[in-house]
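Encoded as C-alpha cells, the structure appears first; notes follow it.
In this text, all values refer to a predicted model and were calculated from it rather than measured experimentally. FYI, side chains are in, hydrogens and waters are out, and symmetry mates aren't considered; it's all heavy atoms of this structure. So you know, we letter chains A, B, ... as the sequences are listed, proteins then strands, and number each from 1.
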Number of protein chains: 2
Amino acid sequence: MSATAARITAVDTYDIRFPTSRELDGSDAMNPDPDYSAAYLVLRTSEGPHEGHGFTFTIGRGNDVQVAAVDALREHVVGRSVAELCADPGALYHALVGDSQLRWLGPEKGVMHMAIGAVVNAVWDLAAKRAGKPVWQFLADADPAWLVDQIDFRYIADALTPAEALELLTKGRQGAPERAAELLRRGYPAYTTSPGWLGYSDEKLTRLAQEAVADGFTQIKLKVGADLADDIRRCRAAREAVGPDIRMAVDANQRWNVDEAIAWTKALDAFDPYWIEEPTSPDDILGHAAIRRGVHPVRVATGEHVQNRIVFKQLLQAGAIDVLQLDAARVAGVNENLAILLLAAKFGIPVCPHAGGVGLCELVQHLSMFDYVALSGTTRDRVIEFVDHLHEHFLEPVVIDRGHYRAPTAPGFTAAMKQDSIDTYTYPHGAFWTAENTEARA
Amino acid sequence: MSATAARITAVDTYDIRFPTSRELDGSDAMNPDPDYSAAYLVLRTSEGPHEGHGFTFTIGRGNDVQVAAVDALREHVVGRSVAELCADPGALYHALVGDSQLRWLGPEKGVMHMAIGAVVNAVWDLAAKRAGKPVWQFLADADPAWLVDQIDFRYIADALTPAEALELLTKGRQGAPERAAELLRRGYPAYTTSPGWLGYSDEKLTRLAQEAVADGFTQIKLKVGADLADDIRRCRAAREAVGPDIRMAVDANQRWNVDEAIAWTKALDAFDPYWIEEPTSPDDILGHAAIRRGVHPVRVATGEHVQNRIVFKQLLQAGAIDVLQLDAARVAGVNENLAILLLAAKFGIPVCPHAGGVGLCELVQHLSMFDYVALSGTTRDRVIEFVDHLHEHFLEPVVIDRGHYRAPTAPGFTAAMKQDSIDTYTYPHGAFWTAENTEARA
C-alpha cells in the first residue's frame with residue numbers, strides 16, 4: 001500500500017440537541033417530551049473533499065453517553081485506508097462488532113451498538129460519495145456476491161444462509177434498471193405521522209389529517225395508548241377526517257402488556273386500524289406473536305427499537321409481525337440492515353421503515369429504495385414513515401411530492417447536517433443553548 | 001419531611017481497570033484478552049457513616065462509556081431523601097427505567113440499563129447497611145407484599161402476576177428461619193471456573209481441576225468453542241482429572257450458530273457435560289429452544305448476557321433453558337433480579353448465577369442466598385459460580401469453604417472495594433496505570 005494513500009485522519013463528534021419538547025412534536029404514550037437529538041460524527045480524510053457523516057438519533061438526555069460510545073470506537077477507525085474502508089465496509093463492521101471488550105457492553109444492542117451503526121453508516125456515506133452515487137443506487141448497482149460478503153450471518157444462518165441471500169439478490173437484480181427509472185419518476189410511497197402526536201388537540205389532529213390526504217398521502221398514523229376514551233375519540237375524529245379509504249395505523253410506543261394490547265386494539269376496531277405498532281416491549285417476540293393472534297385482522301408492526309438482526313429473525317420465525325419497521329440508526333448500520341432486508345424478503349414480510357426524529361427520513365429512504373430496485377422489487381404495502389420536523393437543518397433534505405419520497409440523486413447518504421445547525425444546537429455550548437442559559441439566569 | 005432529613009449529596013464515579021489480560025485469566029472463545037473492570041460508584045449521604053456502593057462489571061475498553069452512563073443518572077439521585085430511597089428502592093428503579101429520554105437508549109438493555117443496575121444496587125447496599133443486615137437477610141426478612149411492590153411487572157404479567165408473586169414469596173417464608181440457620185452453618189454450594197479458561201495449558205487445567213475436587217467442589221466448568229479437537233482433548237483431560245462423579249459444565253460464550261451448537265455439543269457427549277452454557281447469542285430465545293431439543297439430555301444454560309426480565313421470561317416460556325444464570329450487575333439491579341428469581345421459581349427452573357469478573361461473586365451470592373432462605377427454599381441443583389480472581393481488592397471478600405460460599409454477615413452488599421485499590425487502578429490516572437505509561441515511554 002502506498003505511503004501516500006488517503007487515510008481517515010479524525011472522527012469528530014458532536015452532541016446536537018433540538019428543543020422539540022416545547023411544541024409537543026413527537027409526543028406519544030411513552031415519550032411525553034422528547035428533545036430530538038443526534039450523536040453526530042464526521043469522518044475526516046486526508047484526501048478531501050469527501051467526508052463521511054453518520055449519527056445516532058436520541059431524544060435528549062443521554063445523548064452525551066451516545067457520543068462517548070462513538071468516541072470509544074475512534075481507535076478502530078483513525079489511520080485506516082480510505083480506499084480499503086470504502087471497498088469493504090463489512091471489514092470495519094466486523095472489527096467494531098467483534099471488539100471483544102466493547103462487545104461486553106451489549107452484545108450487539110443499546111448504546112454501543114447504535115454507536116457502531118453511526119460509524120458504519122458514515123463509511124457508507126463516504127463510499128457512496130466517492131462513487132458519485134446516492135447510497136440507494138450504490139447498493140442497487142453493487143455485485144450481489146459482494147453484498148452477501150457485507151452481511152454478518154452469525155446467529156441468523158438458521159433462518160437465512162449466504163446461498164439464499166445470493167439467490168434473493170441475484171433475482172432482485174432482474175428488472176432493476178426499469179425500477180430505478182420508475183423510482184426516479186414517481187418516488188417511493190410515504191405515510192405521515194405528523195397529524196397524530198398525542199399532545200395535539202382534536203382540532204389540530206383533524207386539520208392535519210385532512211391536509212395529509214390533500215397532500216396525497218394514502219396512510220396516516222395516530223399515537224395511542226395513554227387513555228382509551230381519548231384514543232376512541234381521536235381515532236373517530238381522524239377516521240371521519242380522512243374517510244374510509246385511507247389507511248390509518250395506530251402506534252402504542254410499547255405502552256402495553258400482552259393482554260392489554262389485545263383488548264385495547266380490539267376496542268379501536270370500529271375505526272379500522274391498519275396496523276398496531278409497538279403494542280408492547282420490542283424484546284417480547286413471543287408477546288408479539290400472541291398479540292398478532294389476538295388482534296387479527298389488524299396487522300402487527302414493530303422494529304424501531306428492535307436491537308439487532310437476531311431479534312428480527314425471531315419475530316419472523318415466530319410469525320409475530322405483519323410489517324417490519326427497520327430503523328437506519330438503531331442497528332449496526334447498512335451492513336446489519338442488509339441482513340434485515342434479506343430476512344424480510346425471505347419471509348415475505350413488507351418493510352415499512354421507522355423515520356422521523358432528526359435525520360432518520362434522510363437516512364432510511366435509501367434502504368427502502370434499494371429494496372425496491374434490487375431486492376423485493378415492489379412497493380406493494382410498503383411505505384416509509386414521514387414526519388415533517390427539522391429537515392431544514394440538512395444540506396439535502398428529503399423532498400415529499402404527492403405522498404412520495406423523491407429519490408435523492410446527490411451522492412452519499414444525503415443526511416449531512418448544515419454546519420450552522422451543528423454549531424447552533426451543539427449542547428451545551430452552542431449558540432442556542434448558551435442563549436437559553438443566559439435567559440434562564442436573567 | 002424535615003428540612004434536616006439526610007439526603008444523597010453526591011454520586012462519585014470511578015473508572016477502575018485491572019490488567020488481567022496479561023495472565024489470560026478469563027480467556028474464552030469470545031473474550032481472548034479481558035481486562036476486568038468496574039464502572040464504580042459511591043452514593044454519598046449527609047448522614048454518614050453509610051455509603052451505597054455499586055458497579056457495572058466490564059472487560060476493559062468502554063468502561064468509560066459505562067461511567068458516562070452512570071453520570072447521566074446523577075440528577076435522578078442527588079438530593080433524594082436517604083430514608084425514602086431506602087424505604088422504597090423501587091421508586092428510584094421506576095424513575096430511572098422510566099426516564100423517557102434515557103429509555104430511548106435501550107430500552108432496558110445495554111450500557112444504560114447496566115448503569116441503572118449499578119445505581120439501584122448501590123441503594124440496596126445503603127438500605128441494608130442502614131438496617132444492619134447483609135442484603136440476603138434484608139431481603140429474606142422483608143414483608144412479601146413489600147417485595148412484590150419492588151417488582152416491575154410491566155411486560156412480564158403474562159407469565160407472572162403480582163398475586164402469583166405474593167403467593168410464591170409467602171410460601172417461601174415458611175421455614176425461612178431454619179434455612180437461614182442452615183445457610184449460616186453450611187454456606188451455599190459453589191462451582192468453579194478457575195481450571196477451565198481457554199488460555200491455560202492442559203497441565204494447568206488438570207492440576208487446577210484436581211485441586212478443585214480436593215477443595216470440595218462438586219462441579220467445575222470448562223470454556224469451549226474455539227477449536228473442536230482442542231475441546232475434546234481438554235474435556236478428556238478434565239474428566240480424567242475429576243472422575244465420573246463431578247459435574248463438568250462447558251461454556252461456549254456465544255460462539256456458535258444453532259446447528260453448530262448442537263453438533264459441537266454432541267461431539268463432547270462422551271465426556272458427560274452437565275450443561276452447555278451460552279451456546280449462541282443471548283438474544284436468541286428460539287435458537288436456545290432448538291438447541292435444547294437438539295442436545296438433550298445435556299442441559300442448556302444461559303443468562304449472564306441476558307439483558308432483562310423480558311428475555312428471561314421468554315426463555316422460560318419457550319422451554320429454552322434448564323438452568324437460569326442471572327447476573328447481579330447486567331440487569332437493573334435487585335429489583336429486576338427479584339422479578340427474574342420469581343419467574344424462575346414459577347417455572348421451576350434452578351438459578352445458578354453467573355459470577356467471577358471483579359466483584360460479581362461478592363454481589364450475586366446475596367441473591368442466591370435470599371432465594372434459598374425465602375423463595376425456592378432449596379439448593380438442589382443450584383450452585384453459584386466461583387472464580388478466584390481479584391477478591392483481594394474488596395473489603396469483605398467472599399469466603400469459600402469446602403466448595404461453599406460462606407454466608408456474609410456484614411451489613412450491605414459486601415461488595416465495596418478498598419479505597420487503595422480504587423486509587424491504584426483508576427484508569428488512566430491511578431498509580432498502576434501511570435507507572436505503566438512511564439514504563440512504556442521509557
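- With rounding to the nearest 0.5 Å, the separation of CD in A:Q307 from CD in B:E108 is 12.0 Å.
- Contact annotation for A:A318: both backbone and side-chain heavy atoms come within less than 4.5 Å of a heavy atom of chain B.
- In summary, of the residues considered (B:T56, B:I59, B:V111), a side-chain contact (heavy atoms from CB on, under 4.5 Å) with A:L105 occurs for B:V111 alone.
- In this structure, chain A has a heavy atom under 4.5 Å from the backbone of B:F153, while its side chain stays farther away.
- Residues satisfying the side chain to side chain donor-acceptor pair (under 3.5 Å) test with B:D251, not counting sequence neighbours, are B:K223.
- Using a 4.5 Å cut-off between heavy atoms, B:V258 contacts chain A through its side chain alone, with no backbone atom that close.
- Of the possible polar contacts, one joining the A:Y155 side chain to the B:Q254 backbone as a donor-acceptor pair under 3.5 Å is found.
- Note on A:A68, A:S281, A:G106, A:A72: by heavy-atom pairs under 4.5 Å with chain B, the leading option is A:S281.
- Highest contact tally toward chain B, considering only A:A157, A:P107, A:G60, is held by A:P107 [criterion: heavy-atom pairs under 4.5 Å].
- Both the backbone and the side chain of B:R255 come within less than 4.5 Å of a heavy atom in chain A.
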Check against side-chain contact (heavy atoms from CB on, under 4.5 Å), A:R103 and B:R61: CA-CA 9 Å; A:R103 190 177 183 281; B:R61 279 186 297 282; over 6 Å; no
CA sep, side-chain torsions, deciding dist, call: B:L286, A:L286, side-chain contact (heavy atoms from CB on, under 4.5 Å): CA-CA 9 Å; B:L286 302 179; A:L286 302 179; 4.2 Å; yes
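- For the set A:G287, A:A261, A:G62, A:S37, the entry with the most heavy-atom pairs within less than 4.5 Å of chain B is A:G62.
- Remark: A:N308 CG to B:D284 CG distance equals 9.5 Å, nearest 0.5 Å.
- Classified by interplanar angle (parallel below 30°, tilted 30° to 60°, perpendicular above 60°), the ring pair A:W104/B:H305 is perpendicular.
- For chain B, the nearby parts of A:I285 are the backbone and the side chain; heavy atoms of each come within less than 4.5 Å.
- Taken to the nearest 0.5 Å, the CG atom of A:N257 stands 11.5 Å off from the OG1 atom of B:T161.
- In this structure a side-chain-to-backbone donor-acceptor pair under 3.5 Å is present from B:Q314 to A:D283.
- Contacts of B:D35 with chain A are made by both backbone and side-chain atoms, with heavy-atom separations under 4.5 Å.
- For B:I156, the part lying under 4.5 angstrom from a heavy atom of chain A is the backbone only.
- Applying the side chain to side chain donor-acceptor pair (under 3.5 Å) criterion to B:E260, with sequence neighbours excluded, gives no partner residue.
- Ranked by heavy-atom pairs under 4.5 Å with chain A, the first of B:D71, B:V67, B:D259, B:V65 is B:V65.
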